[in-house]
There are 2 protein chains.
Amino acid sequence: MCSGCYSIAHRNQALHNLRAQYQGMTKAAAVSKTKKTTGTASGRRKLVDIRKDNSEQILRVAEQVFSERGFKGTTISAIADAAELPKANILYYFKSKEGLYKAVLVDLLQGWMHHMDDMTADQHPREALRNYIVSKIRQSKEHPNASRIFAAEVLHGAPFLREQLEGPLKEQFERTCGVIRSWVAKRWMDPVSPEHLMFMLWSSTQSYADFEVQSSILLSRDALEEADYNEGVELITRVVLKGCGVSLV
Amino acid sequence: MCSGCYSIAHRNQALHNLRAQYQGMTKAAAVSKTKKTTGTASGRRKLVDIRKDNSEQILRVAEQVFSERGFKGTTISAIADAAELPKANILYYFKSKEGLYKAVLVDLLQGWMHHMDDMTADQHPREALRNYIVSKIRQSKEHPNASRIFAAEVLHGAPFLREQLEGPLKEQFERTCGVIRSWVAKRWMDPVSPEHLMFMLWSSTQSYADFEVQSSILLSRDALEEADYNEGVELITRVVLKGCGVSLV
DNA sequence: TCATCTATTGACCATTTGGTCAGAAGGTGG
DNA sequence: CCACCTTCTGACCAAATGGTCAATAGATGA
């Protein structure tokens with residue numbers, strides 16, 4: 001299984017280049033940005049730092065606002081206000097609203113696909129599935145906005161993400177399905193459909209981010225709490241492992 | 001368990017009244033609309049029919065457009081074009097874009113909550129859960145747009161649906177959790193968290209509507225096919241029943 | 001038929017919003 | 001210190017859009 005082409009480092013580089021194309025930056029800046037110059041200068045700030053800091057600040061704020069209001073519902077002014085920068089400055093760093101949105105998408109897709117390759121054929125599904133569920137729920141808890149933007153994007157036909165889904169994600173998906181199939185072949189689990197099992201894992205774990213509002217209302221909370229996520233992990237792990245006939249030794 | 005107040009008939013009436021308040025209609029029309037006058041007159045169309053037909057036409061089209069583009073992304077013009085009516089006419093029937101959206105929401109919430117009360121304490125979870133999963137997946141297949149609008153609404157904090165979630169849905173949810181708890185008490189299934197089991201059922205079945213684009217790409221299809229939904233039912237039913245320790249006799 | 005109510009619609013408007021631009025301010029390297 | 005980048009920003013603008021309105025056409029019921 002050639003997974004070399006999908007090493008984190010390699011993927012990061014690809015995503016970085018992709019992102020650069022959505023940002024408005026000079027060639028010099030595009031180059032210097034790859035240097036890891038994270039100095040928090042106090043007096044005279046370096047141009048390199050200014051660009052880095054502001055870009056990241058804008059991306060952070062944009063993720064928040066996009067997740068709350070969706071692409072169309074988000075105004076550049078809203079992002080500008082939240083980032084405490086003038087609107088024109090946002091458009092100086094990112095050529096357009098669409099460019100900013102795509103940059104946010106590319107950033108978060110990285111996190112979204114991150115844990116799938118942790119499942120390998122040599123692991124026992126007991127640990128592999130458990131770890132995957134834990135990772136996904138943790139991500140729902142710690143990066144709910146990323147999950148929500150992703151969900152909204154897919155919900156509306158993935159106009160900006162189609163390519164990514166058809167390429168990298170699909171390949172990773174098929175690799176992971178292969179892993180599951182190998183577990184089945186080894187009689188480590190029942191012969192279930194790997195594809196639909198993945199759908200079930202994704203949806204049930206992501207719902208703790210995407211539908212948090214609904215869940216917390218139904219559980220009579222202001223927001224989901226640590227214990228709720230743990231119960232989610234517990235329930236999903238139990239049902240999936242036992243339901244797939246994975247020995248719980 | 002007093003479920004009388006939640007009979008379909010009663011709930012329909014409540015939803016009908018709620019919907020009337022979002023529409024622009026005269027008192028006379030509001031009354032006459034309750035009469036079931038579905039005549040497809042050929043010569044001189046009755047006012048009652050005109051209003052009914054146009055309202056329903058607009059709601060149907062609006063559901064489609066809202067699901068594709070979201071609330072903010074939808075323009076009244078787009079709905080007007082799709083419904084082949086002038087924009088001003090849409091606003092004659094529904095006072096505002098928000099009013100139309102709420103009317104669509106109220107309509108679809110009905111379908112969304114519909115099947116939960118089919119699970120009762122006297123049934124065995126084997127049949128009850130299986131039927132519920134079948135119903136939910138069928139709904140994902142036959143009314144994907146309703147599901148997507150609902151998902152997008154919750155995703156963005158349920159600004160228009162909060163009340164409905166806190167009221168009717170929550171009560172129904174708690175009733176259903178009670179049913180599951182009674183199954184556990186009878187040793188018909190393992191002691192799992194009813195709340196989180198419901199979350200799992202909802203998310204895994206709804207994903208066949210909400211994430212259809214993603215699923216179909218990953219399955220190398222243009223769109224999900226009959227067989228895919230069936231495999232989904234099969235996988236979810238199997239995993240949930242076995243995973244909850246429900247005897248499959 | 002006629003007075004009255006309802007339905008239809010083109011023209012219009014105020015606001016919002018994504019995006020541009022010129023010029024000022026600040027950093028860089030020699 | 002200077003010539004040259006890069007960054008910053010207020011002022012603008014054109015297009016899109018939700019919503020209004022007055023006038024016309026059609027339906028109703030006595």
Trainee: Output the rounded distance in Å from CG (A:Leu85) to P (D:dG10).
Mentor: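 Result: 11 Å.
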
Trainee: Taking the side chain from A:Gln139 and the backbone from A:Gly111, do they hold a donor-acceptor pair closer than 3.5 Å?
Mentor: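 The answer is yes, because a donor-acceptor pair under 3.5 Å joins these two groups.
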
Trainee: If I take atom CD1 in residue B:Ile76 and atom P in nucleotide D:dT17, what distance separates them, rounded to the nearest angstrom?
Mentor: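 Nearest whole value for this atom pair: 11 Å.
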
Trainee: Could you give the OH-to-P distance, from A:Tyr93 to C:dG19, as a whole number of Å?
Mentor: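 The answer, rounded to whole Å, is 19 Å.
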
Trainee: Before we go on, tell me: are the rings of A:Phe66 and A:Tyr101 under 6.0 Å apart, centre to centre?
Mentor: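 Centroid separation for A:Phe66 and A:Tyr101: below 6.0 Å.
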
Trainee: Want to settle it: does B:Ile50 or B:Ala88 sit nearer the 5' end of DNA chain D, counting the closest nucleotide to each?
Mentor: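 Going by which nucleotide is closer to the 5' end, it is B:Ala88.
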
Trainee: Any idea which of D:dT17, C:dG19, D:dG19 is nearest the B:Ser96 side chain?
Mentor: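 Side chain of B:Ser96 sits closest to D:dG19.
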
Trainee: Round to the nearest Å and state the distance from A:Asn54 atom CG to C:dG27 atom C1'.
Mentor: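 Computing the A:Asn54:CG to C:dG27:C1' distance gives 14 Å.
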
Trainee: Would you kindly give the OH-to-P distance between A:Tyr92 and D:dT6, to the nearest whole Å?
Mentor: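 Result: 7 Å.
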
Trainee: Measure CG/B:Asp53 against P/D:dA27 and give the value in whole Å, please.
Mentor: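 Rounded to the whole Å, the gap is 13 Å.
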
Trainee: Atom CZ of A:Phe94 to atom C1' of D:dC8: distance rounded to whole Å?
Mentor: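 Checked: the CZ to C1' distance equals 16 Å.
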
Trainee: Specify the residue among B:Lys72 and B:Pro86 whose closest nucleotide of DNA chain C lies further upstream toward the 5′ end.
Mentor: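 The 5'-side residue here is B:Pro86.
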
Trainee: Could you check whether B:Trp202 and B:Phe150 have their ring centres less than 6.0 Å apart?
Mentor: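 B:Phe150 vs B:Trp202: aromatic centres not under 6.0 Å.
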
Trainee: Distance check needed: D:dG19 P versus B:Leu91 CG, whole Å only.
Mentor: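 The distance from CG of B:Leu91 to P of D:dG19 comes to 7 Å, rounded to the nearest Å.
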
Trainee: So does A:Arg51 get a side-chain nitrogen or oxygen closer than 4.0 Å to the phosphate oxygens (OP1/OP2) of D:dT7?
Mentor: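 Affirmative; the distance criterion is met.
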
Trainee: Establish whether the base of D:dG18 is bridged to the side chain of B:Lys87 by a donor-acceptor pair shorter than 3.5 Å.
Mentor: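 Present.
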
Trainee: Could you check whether atom NZ of B:Lys72 has more than 12 heavy atoms from other residues, nucleotides or ligands sitting under 6.0 Å from it?
Mentor: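 Counting other residues, nucleotides and ligands, NZ of B:Lys72 stays at 12 neighbours or fewer.
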
